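This structure is a prediction, so every number in the text was calculated from the model and none was measured. Below, read A as the first sequence line, B as the second, and so on, with proteins coming before strands; counting in each chain starts at 1.
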2 protein chains.
Amino acid sequence: MLEDLPEGWAQLIRRAGYRLTRPRQAVLRVLAESEVALTVAEVHRRARARYPRLGLVTVYRTLDLLLNLGLVHRLPGEVGGQLYVRADLHPHGHLLICRSCHRAVEIPCTGLEEMTHEVERQTGFAVQGHWLELFGLCPACQEGTDG
Amino acid sequence: MLEDLPEGWAQLIRRAGYRLTRPRQAVLRVLAESEVALTVAEVHRRARARYPRLGLVTVYRTLDLLLNLGLVHRLPGEVGGQLYVRADLHPHGHLLICRSCHRAVEIPCTGLEEMTHEVERQTGFAVQGHWLELFGLCPACQEGTDG
DNA sequence: CTCCGTATTGAAATCCATTTTCAATTATAC
DNA sequence: GTATAATTGAAAATGGATTTCAATACGGAG
């Protein structure tokens with residue numbers, strides 16, 4: 001039942017003092033299985049297939065929990081719903097996202113550490129983190145008819 | 001009355017077929033005068049000082065208009081309100097934003113064009129645009145007591 | 001300068017994502 | 001098993017953003 005969760009998710013959650021309940025497992029599994037960034041509503045829809053009584057609120061709470069544990073990324077999307085993806089697929093927060101299907105691909109991001117230090121030197125800011133997002137159309141969606 | 005607007009904003013808006021009304025001027029002026037990225041609510045608050053009858057709806061509509069004309073950037077911020085800044089201050093969408101005061105600084109962003117082409121080659125995506133955001137604390141806010 | 005047609009406005013209503021509240025439920029330690 | 005504290009889901013509340021529509025004001029024609 002838990003074996004199809006990503007490496008150590010179960011332990012991490014338990015160690016952090018959280019219970020591994022059925023609703024949570026449903027949400028976890030959905031995220032684990034998707035390489036595509038999902039809206040909250042989509043996570044809810046999919047997770048319901050595993051646990052029909054699942055409430056939307058629990059989806060929000062579980063996503064928040066996963067976010068705090070660093071297991072998922074939240075993509076600061078456009079107006080109308082944030083997107084979530086497994087963090088272990090994209091450890092550095094450098095993503096290429098398809099505007100049509102939300103497929104997310106990790107970008108090999110050379111030189112950003114260096115650039116960060118350079119920027120700190122120039123501006124006096126204390127940089128705490130970064131987000132690099134490229135967006136466009138993935139190969140599959142380029143073949144489709146929509147623009 | 002219009003002279004303190006950034007270069008050509010007035011003409012651009014007129015040429016695009018829009019009227020330069022008092023409510024719009026109020027909103028324009030607020031954005032023109034701020035180097036800091038502003039929430040919609042903050043724009044509303046400040047613009048009211050110039051034109052008290054100004055409705056929040058008009059702020060949204062005007063920001064949208066400016067966004068379409070490319071005169072402002074919308075920063076895909078965290079949950080709870082998007083931020084807007086003059087686009088001419090940050091032509092490439094590479095920003096360093098203070099988490100405390102929302103001051104936005106343009107990042108000299110070398111090598112990103114190259115990286116984009118490289119990524120397109122590797123992934124087959126058609127890249128349409130990008131967003132690079134560093135966040136941290138500006139020098140002034142580092143001195144403050146809050147974290 | 002005045003009049004007119006039309007774009008624009010603001011208030012209210014609505015929409016939709018997210019959060020809060022709280023009684024009922026359920027996972028885990030004993 | 002039982003106790004107990006975390007967790008859940010429904011409903012209500014919140015808050016950002018959008019839609020609707022009658023009233024208003026811009027800016028060209030006269």
Take the protein atom [atom1] of [X] and the nucleotide atom [atom2] of [N], then report the distance between them rounded to whole Å.
{"X": "L28(A)", "N": "dT7(D)", "atom1": "CG", "atom2": "P", "value": "13 Å"}
{"X": "Q82(A)", "N": "dC16(C)", "atom1": "CD", "atom2": "P", "value": "17 Å"}
{"X": "R24(B)", "N": "dT8(C)", "atom1": "CZ", "atom2": "C1'", "value": "6 Å"}
{"X": "R14(A)", "N": "dA29(C)", "atom1": "CZ", "atom2": "P", "value": "8 Å"}
{"X": "E42(B)", "N": "dA17(D)", "atom1": "CD", "atom2": "C1'", "value": "18 Å"}
{"X": "I13(B)", "N": "dG27(D)", "atom1": "CD1", "atom2": "C1'", "value": "16 Å"}
{"X": "L20(B)", "N": "dA25(D)", "atom1": "CG", "atom2": "C1'", "value": "13 Å"}

Within the structure provided, determine whether [X] and [Y] are in side-chain contact (heavy-atom separation under 4.5 Å).
{"X": "L83(A)", "Y": "T39(A)", "answer": "yes"}
{"X": "F125(B)", "Y": "V119(B)", "answer": "no"}
{"X": "N68(B)", "Y": "D64(B)", "answer": "yes"}
{"X": "Y51(B)", "Y": "R29(B)", "answer": "no"}
{"X": "L65(B)", "Y": "L71(B)", "answer": "no"}

Any residue in residues 54-67 of chain A with a heavy atom nearer than 4.0 angstrom to DNA chain D? Just list them by number, or reply none.
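Residues of residues 54-67 of chain A that come under 4.0 Å of DNA chain D are, in numerical order, L54(A), G55(A), V57(A), T58(A), R61(A).
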Using the side-chain contact (heavy atoms from CB on, under 4.5 Å) criterion, which residues pair with T58(A)? Sequence neighbours excluded.
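Result, side-chain contact (heavy atoms from CB on, under 4.5 Å) vs T58(A): P23(A), L54(A), R61(A), T62(A).
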Summary of salt bridge (Lys or Arg N to Asp or Glu O under 4.0 Å) pairs that have at least one residue in residues 37-46 of chain B, sequence neighbours excluded
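Residue pairs with at least one partner in residues 37-46 of chain B: E42(B)-R45(B), E42(B)-R46(B).
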Set out, line by line, the N/O atom pairs under 3.5 Å between protein and nucleotides 24-26 of chain C.
from	atom 1	to	atom 2	distance (Å)
dT26(C)	OP1	R53(A)	NH2	3.0

Respond yes when some side-chain nitrogen or oxygen of R22(B) is under 4.0 Å from OP1 or OP2 of dT24(D), and no when none is.
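False: R22(B) side-chain N/O out of range (4.0 Å or more) of dT24(D) OP1/OP2.
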I need the L69(B) CG to R15(B) CZ distance, nearest 0.5 Å.
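Spacing of CG (L69(B)) from CZ (R15(B)) equals 12.5 Å.
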To the nearest 0.5 Å, tell me how far H73(B) NE2 sits from Q82(B) CD.
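Between atom NE2 of H73(B) and atom CD of Q82(B) there are 14.0 Å.
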With distance as the sole test, does R24(B) use its side chain to make a donor-acceptor pair with the main-chain N or O of R19(B) at under 3.5 Å?
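A pair under 3.5 Å: yes.
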Set of residues satisfying salt bridge (charged side-chain N to carboxylate O under 4.0 Å, His left out) with respect to R121(B), sequence neighbours excluded
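By the salt bridge (charged side-chain N to carboxylate O under 4.0 Å, His left out) rule, R121(B) matches E118(B).
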Bending between helix ends of the helix from dC1(C)-dG30(D) to dC30(C)-dG1(D) [5 pairs per end, 10° resolution]:
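Angle reported: 30°, given to the nearest ten degrees.
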